[in-house]
Amino acid sequence: MREDRELSREEIDAFGAELDALRERTLADLGEADARYIRRVRAVVRACCWSGRLLLLAGWFPPTWLLGTLLLGLGKIIENMELGHNVMHGQYDWMNDPELAGRTYEWDIAGPSDFWRHTHNHIHHTYTNVLGMDDDIGYGVVRLFPEQRWKPFYRWQPLWVTLQALLFQYAVAIQHLRLDKVFKGRISREEVRPLLRQFNAKVGRQWVKDYLVFPLLALALGCNALAVLTGNIVANLIRNLWTFTVIFCGHFTEKAAVFAPSTLEHETRGHWYLRQLKGSSNLQGSRLLHFMTGNLSHQIEHHLYPDVPARRYAAMAREVREIAARYGQTYNTGTMSGQFATVLQRIWRYRLPQAV
Amino acid sequence: MPLIPLRLTIPLRPWLAPLRWLTAHHWLRAADVDACLRFLQPAWALTRIHARVEARRWVAEDMLAIRLRPNCNWPGAQAGQHVQLFIERDGVRLSRSYSLTAQADGCIEIAVRRQPEGRVSAWLCEHLSIGDCVELGAPYGELRWPQEGAVLLAAAGSGITPLLGLLRDALGRGFSAPVRLLHFVREQGQRAFVEELQQLQARYPNLAVEWAVTAGAAGQRLNAEQLHAWREAHVLSCGPAGFVEQLRELVDGQAASLQVESFTPPQWRAEGERRPVRLQFFRSQREAVGDNQVSLLEQAEAAGLKPEHGCRQGICTQCTCQLLEGAVRDLRSGEISHEPGQSIRICVSAPLGDVRVDL
């Protein structure tokens, strides 16, 4: 488990001040190169998605179908993670470019971006790993920490997690509807109705686009509509599995900590930084891995600085790691396979009530 | 060579209506469509106004006139209006407001005065070249030429630009009552559009143009004598806030009508004593201690936020955001807003007490 030195109030303030200074230094350096980068990412997304869709029109011919599906899946992954997720955090708001404005960007996934801006940007990033506050802890269907109260359906959680991974985009999308509270009667149906309308509209649009328009287009062009439809389904599946893996590695690894709601009382900026550091875990790997995870492999840096352009995290990580070491705090990092293995262990172990 | 000439975007505009419908209903992303259109013609876009630089010429030592050909989305403007012009520097989209000095043949002309410290004007004057594309906002501005009767135009510095636009338009339409243009400049070399004005004067006998150089011992200042015979005319004035205020005092109550526009933000009305307030920036989860005299935009920036903004004068509405809690005061008018969920322009709103805004 974690080994963290207890910090005094003064130390926590100093710790926060050092991290603040790093933030200021990085923000002051933003400019042309960052703007060029995010636009190139967007160009890559377009190239992947459009070429993937074009290749799928060639039908079941294995080389083109496989490549087309992979490119489309790749395009969606990059769009959701390095482009959409980061833009929606307002990482590029400093550019003042309406096309990359965090408030209005809409991403290529089932969940409406407005939902995400609330459940993720606000709830998850503010109350990271605080039990009962951060719904991202297991998304209501998985018990990952002994501190979570056991319920009978957790017994089958390996199955729930598998389903969640396969349908991850919908799992993320429905989070904001708080269906659990609706069923328990804590939220009225009237309150949920406008959200449900928004949800249906977005999911409907995604389905029509991926599963109707492009197959019909194929049909109109005399191509194989079924190959196109299957390609779209598989591409979405690839994206779901990959994003699920990356996101579960972010906060549920062996050394990730959870917190009681009382932590939030009188929490200072320094305390908040400390909680983000303790609750998040990084992935080590190549530059390609960092890119493909939308730099969420630098989950710690992302949680310390959610609105700093993610391409800066790699450089910031060196300093954060050094600061953490000086304050005697565990810097939770490991390879993707190693970290994910510990997540799977948690899922398996805490399905039972007696496991603590 | 662009694949499609810029002029052709105008007849093609109705054909893009289905695409506009699809983007408005979130089936397509406008940015993706615009990327394709830009490939065909650099100044083309679905709804945004882009323009190509057709010509540039110096009209004073420190003023550059730029002729622009806007794309199909330009809604047309009235003489005397202004546009927001956007450029990108170091990855940041910056904008400034410039007045239209002329419109003809699908082109518009703006005049840019080079500000010594200006990030935008200096770049425009030095680097903007023919063939470049810039983005424009929709035209705005309330200055209108009077229906009839003598007209006095009083301009200071680059305040000449909207008045020149109005003057050209009115004379071109056959306005025949006497018109007098008074242009105050600091130095001789800053007299702008001299040739054009002299030509206009030669062509239209009802126009009289005078320049007043304010620098030096013999410098002329705005005074009651200059205005004496014209006090009862329709007065239009444009210039820095100080100049405009002074003119207003000289003619107030006597002029047939008075329209003024100042381009430096007027001194904000300070109200009450300076005292600390608590600012909560909801979206970015930040809190700061600010004060009740400075605009929320400046205070947010001081707290490390980078809110979207444009003109910083309460004009372009780009910085509009929701007030969630508390009350703010409009720095221009003193008007108070306190409805939760109300949209406020943070560049001209100062907190009255503790506030929470959706930034």
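Every chain is numbered from 1 and lettered A, B, ... according to where its sequence line falls, protein lines coming before strand lines.
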Return the option, out of [options], with the maximum number of heavy-atom pairs under 4.5 Å with chain B.
| options | result |
| --- | --- |
| A:P306, A:A35, A:P98 | A:P98 |
| A:Q206, A:R36, A:H118, A:R39 | A:R39 |
| A:E32, A:R205, A:M95, A:E24 | A:R205 |
| A:D307, A:V213, A:V208, A:L27 | A:V208 |

Short side-chain donor-acceptor distance under 3.5 Å, A:Q175 and A:D136
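Present: a donor and an acceptor within the cut-off.
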Part of [X] within contact of chain B (heavy atom distance under 4.5 Å):
| X | result |
| --- | --- |
| A:R46 | side chain |
| A:Y37 | neither |
| A:A101 | side chain |

Lys/Arg-Asp/Glu bridge criterion (N-O < 4.0 Å) met for A:E106, B:R29:
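Between B:R29 and A:E106 there is no salt bridge, as every charged N stays at least 4.0 Å from the carboxylate O atoms.
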Can we say A:D20 and A:R23 salt-bridge, meaning some charged N sits less than 4.0 Å from an Asp/Glu carboxylate O?
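The answer is no: the pair does not qualify as a salt bridge.
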Do A:L74 and A:I78 come within less than 4.5 Å of each other through their side chains, counting heavy atoms only?
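Counting from C-beta outward, A:L74 and A:I78 do come under 4.5 Å.
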Between B:H25, B:R89, B:R283, B:E287, the one whose heavy-atom pairs under 4.5 Å with chain A are most numerous
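If we count pairs closer than 4.5 Å to chain A, B:R283 comes out on top.
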Does A:R53 make a cation-pi contact with A:F214 (under 6.0 Å, within 45 degrees of the axis)?
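Output yes; distance and angle both within limits.
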Is the gap between the ring centers of A:H303 and A:H124 under 6.0 Å?
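They qualify: ring centres under 6.0 Å apart.
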What class does the angle between the rings of A:F199 and A:F115 fall in, given that below 30° is parallel, 30 to 60° is tilted and above 60° is perpendicular?
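Taking A:F115 first and then A:F199, their aromatic rings lie parallel (interplane angle under 30°).
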Give, as side chain, backbone, both or neither, the part of B:D34 having an atom under 4.5 angstrom from any heavy atom of chain A.
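Side chain only.
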